[in-house]
Protein chains: 2
Amino acid sequence: MKMSEGVEWALHTCLNLAWVEDGSPVSATVLADYFRLPPAYLNKQLQALARAGIVSSVSGPRGGFRLAREPGDITVLDVVVAIEGPQDAFRCTEILRDAPHGEAGVDYRSTCAISQTMRKAELAWRRELAGQTLADVRATVESRFPLVAGQTRDGLRNRRT
Amino acid sequence: MKMSEGVEWALHTCLNLAWVEDGSPVSATVLADYFRLPPAYLNKQLQALARAGIVSSVSGPRGGFRLAREPGDITVLDVVVAIEGPQDAFRCTEILRDAPHGEAGVDYRSTCAISQTMRKAELAWRRELAGQTLADVRATVESRFPLVAGQTRDGLRNRRT
DNA sequence: GAAAAGGTACTCGGATAAGACATGTCCGAGTCCCTAAGG
DNA sequence: CCTTAGGGACTCGGACATGTCTTATCCGAGTACCTTTTC
């Protein structure tokens, strides 16, 4: 059970975008260079974020990506789902149906106690992630490390050609 | 982020073992045939459970697997960790270290706000799974479907050669 | 008849292939900006 | 000098290789039981 590494990239990149005060787009190349990541692959992740409506893309010179919504309206869960997909980690394949007394018409995804337990746990996980918005994370960082906001802004600006 | 299918197999199989009142071992072949699963592959999962001390194995004819502890002392988390491994789904690779102002000596796994958020969510997930023992699951099923316990016992007994 | 040695069949256990998914890369479609020519 | 058409460069977007992990299978090590032989 390994989460895609792109989730980490996407979260940090979204946080960086949240620090760009003017809504000017930042190219995938600049965003990738900031963390020394493969530009083309980060671009791929950003496309997923764009499809999910978290960032909006601008083509052409001076183009790039910007946050499509306010940081307070973007939860960490939104980003995770955008990259990983909406499916749960635990997928009940309803093996009870193949058991001796299994019946074809029953929906074992909802009746099976094990499936319920796993789903309940994932729900708790999602609840935690949905309770943290990008604005919350940004505020946490700014209160602990006040310099970071300015450093990031400058770092991204200097990398723009 | 997909959890191994073996987790579902292992949980259902452990639950079946919890219904074998006498501690007689049940072979992997019988356990696999009960759900029409590939025997050799289920055997592999059972080996992982044995390494984790959840089941104990007996070699030779009339051998097989039995629960190594009381069902009340086996949590769902124990089984999941035995199959999936102890590592978290989200692995912080500390990309902040490669950022412009990143420092080599800092442990970003503990300071990074994003890493903390993800870890907190996984902790909530683990807490849910650790709160459910195999005895709890068994009791839930028995209260809702009183016939299942006897059916499972008979089903496993009949498959023994 | 009882005991012991040997063989046999059945079990787990780890080493070994095949497939699926995440990772990484490349080139094309679209867009804006700059340049330059013409009015 | 102003307008406008054209070229060029830069961006996203999706299609195409590669690596790693899950899935699946196979054969060997070990053990209990049964058979057979001997006392």
Side-chain angles (χ1 to χ4, degrees), chain A residues 1-10 13 17 24-33 35-66 68 80 82-85 87 89-91 93 95 159-161, chain B residues 1-10 13 17 24-33 35-66 68 80 82-85 87-91 93 95 156 159-161:
Chain A
M1 183 179 53
K2 202 184 74 171
M3 182 173 292
S4 168
E5 204 175 351
V7 171
E8 186 182 7
W9 301 1
T13 299
L17 286 176
S24 61
V26 184
S27 75
T29 305
V30 170
L31 291 169
D33 190 47
F35 291 120
R36 308 203 180 279
L37 299 174
Y41 192 32
L42 180 64
N43 186 26
K44 190 185 180 73
Q45 314 289 359
L46 287 167
Q47 285 175 35
L49 294 177
R51 272 192 295 272
I54 293 171
V55 302
S56 62
S57 62
V58 180
S59 274
R62 317 290 296 171
F65 296 89
R66 69 179 66 147
V80 171
I83 302 295
E84 286 290 326
Q87 287 198 335
F90 180 85
R91 277 113 165 192
T93 61
I95 64 175
R159 275 156 213 280
R160 287 190 225 169
T161 53
Chain B
M1 184 178 53
K2 200 183 75 171
M3 181 172 294
S4 168
E5 203 176 352
V7 171
E8 185 181 8
W9 301 1
T13 298
L17 286 177
S24 60
V26 184
S27 75
T29 306
V30 169
L31 290 169
D33 189 46
F35 291 121
R36 309 206 178 278
L37 300 174
Y41 191 33
L42 179 63
N43 186 27
K44 189 186 181 71
Q45 314 289 359
L46 287 167
Q47 286 175 34
L49 294 177
R51 273 191 294 272
I54 294 171
V55 303
S56 63
S57 62
V58 179
S59 274
R62 315 291 294 173
F65 296 89
R66 70 178 64 141
V80 172
I83 303 296
E84 286 289 325
Q87 287 198 335
D88 287 351
F90 179 86
R91 279 113 161 185
T93 60
I95 63 175
L156 289 176
R159 276 157 211 280
R160 288 189 224 169
T161 51

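As the structure is a computational prediction, the values presented were derived from the model and not from experiment. Here is the naming used below: chain letters follow the sequence lines, and residue numbers restart at 1 for every chain.
In this structure, A:R66 places its CZ atom 12 Å from P of D:dC12, rounding to the nearest Å. A straight line from CD of A:E84 to P of C:dA22 spans 7 Å, rounded to a whole angstrom. When the P atom of D:dT23 is taken as reference, atom CE of B:M3 falls 11 Å away, rounded to whole Å. Atom CE in B:M1 sits about 12 Å away from atom P in C:dT23, given to the nearest Å. At whole-Å resolution of the value, OH in A:Y41 and C1' in C:dC26 are 15 Å apart. The distance from atom CD of A:E5 to atom P of D:dG19 is 16 Å, rounded to the nearest whole Å. The distance from atom CD of A:E8 to atom P of C:dA22 is 17 Å, rounded to the nearest whole Å. For the pair A:L49 CG and D:dC12 P, the computed distance is 13 Å after rounding to whole Å.
Close to D:dT23, at under 4.0 Å from its OP1 or OP2, lies a side-chain N or O of B:S4.
Judged as a side chain to side chain donor-acceptor pair (under 3.5 Å), and not counting sequence neighbours, A:S56 has no contacts. Partners of A:R51 under the side chain to side chain donor-acceptor pair (under 3.5 Å) rule, at least two apart in sequence or in another chain, do not exist in this structure. B:A89 meets the side-chain contact (heavy atoms from CB on, under 4.5 Å) test with A:M1, A:M3, B:M1, B:E122; sequence neighbours excluded. In this view, A:S59 satisfies the side-chain contact (heavy atoms from CB on, under 4.5 Å) rule with no residue, not counting sequence neighbours. With sequence neighbours left out, A:A52 forms a side-chain contact (heavy atoms from CB on, under 4.5 Å) with A:I54, A:A82.
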Grab the N/O contacts between the protein and nucleotides 13-15 of chain C below 3.5 Å, and write none if there aren't any.
{"unit_1": "C:dG13", "atom_1": "OP1", "unit_2": "B:S57", "atom_2": "OG", "d": "2.5"}
{"unit_1": "C:dG13", "atom_1": "N7", "unit_2": "B:N43", "atom_2": "ND2", "d": "3.1"}
{"unit_1": "C:dG13", "atom_1": "N7", "unit_2": "B:Q47", "atom_2": "NE2", "d": "3.3"}
{"unit_1": "C:dG14", "atom_1": "OP2", "unit_2": "B:Q47", "atom_2": "OE1", "d": "3.3"}
{"unit_1": "C:dG14", "atom_1": "OP2", "unit_2": "B:R51", "atom_2": "NH1", "d": "3.1"}
{"unit_1": "C:dG14", "atom_1": "N7", "unit_2": "B:Q47", "atom_2": "OE1", "d": "3.4"}
{"unit_1": "C:dG14", "atom_1": "N7", "unit_2": "B:Q47", "atom_2": "NE2", "d": "3.4"}

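Mapping B:L42 and A:A28 onto DNA chain D by nearest heavy atom places A:A28 closer to the 5' end of the strand.
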Anything under 3.5 Å between a donor and an acceptor, one on a side chain of residues 37-47 of chain A, the other on a protein residue two or more places apart or in another chain? List them.
{"unit_1": "A:Y41", "atom_1": "OH", "unit_2": "A:Q45", "atom_2": "NE2", "d": "3.3"}

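Judged purely by atom type and a 3.5 angstrom limit, B:E84 has no side-chain atom pairing as donor or acceptor with the backbone of B:V7.
Residue pairs satisfying the ring pair (Phe, Tyr, Trp, His ring centres under 6.0 Å) criterion with at least one member in residues 44-63 of chain B, sequence neighbours excluded, are absent.
End-to-end axis angle of the helix from C:dG1-D:dC39 to C:dG39-D:dC1, from C1' rotation axes over five pairs per end: 0° (rounded to 10 degrees).
Here the shortest heavy-atom pairing between A:G53 and A:A68 reads O-CB, 3.5 Å.
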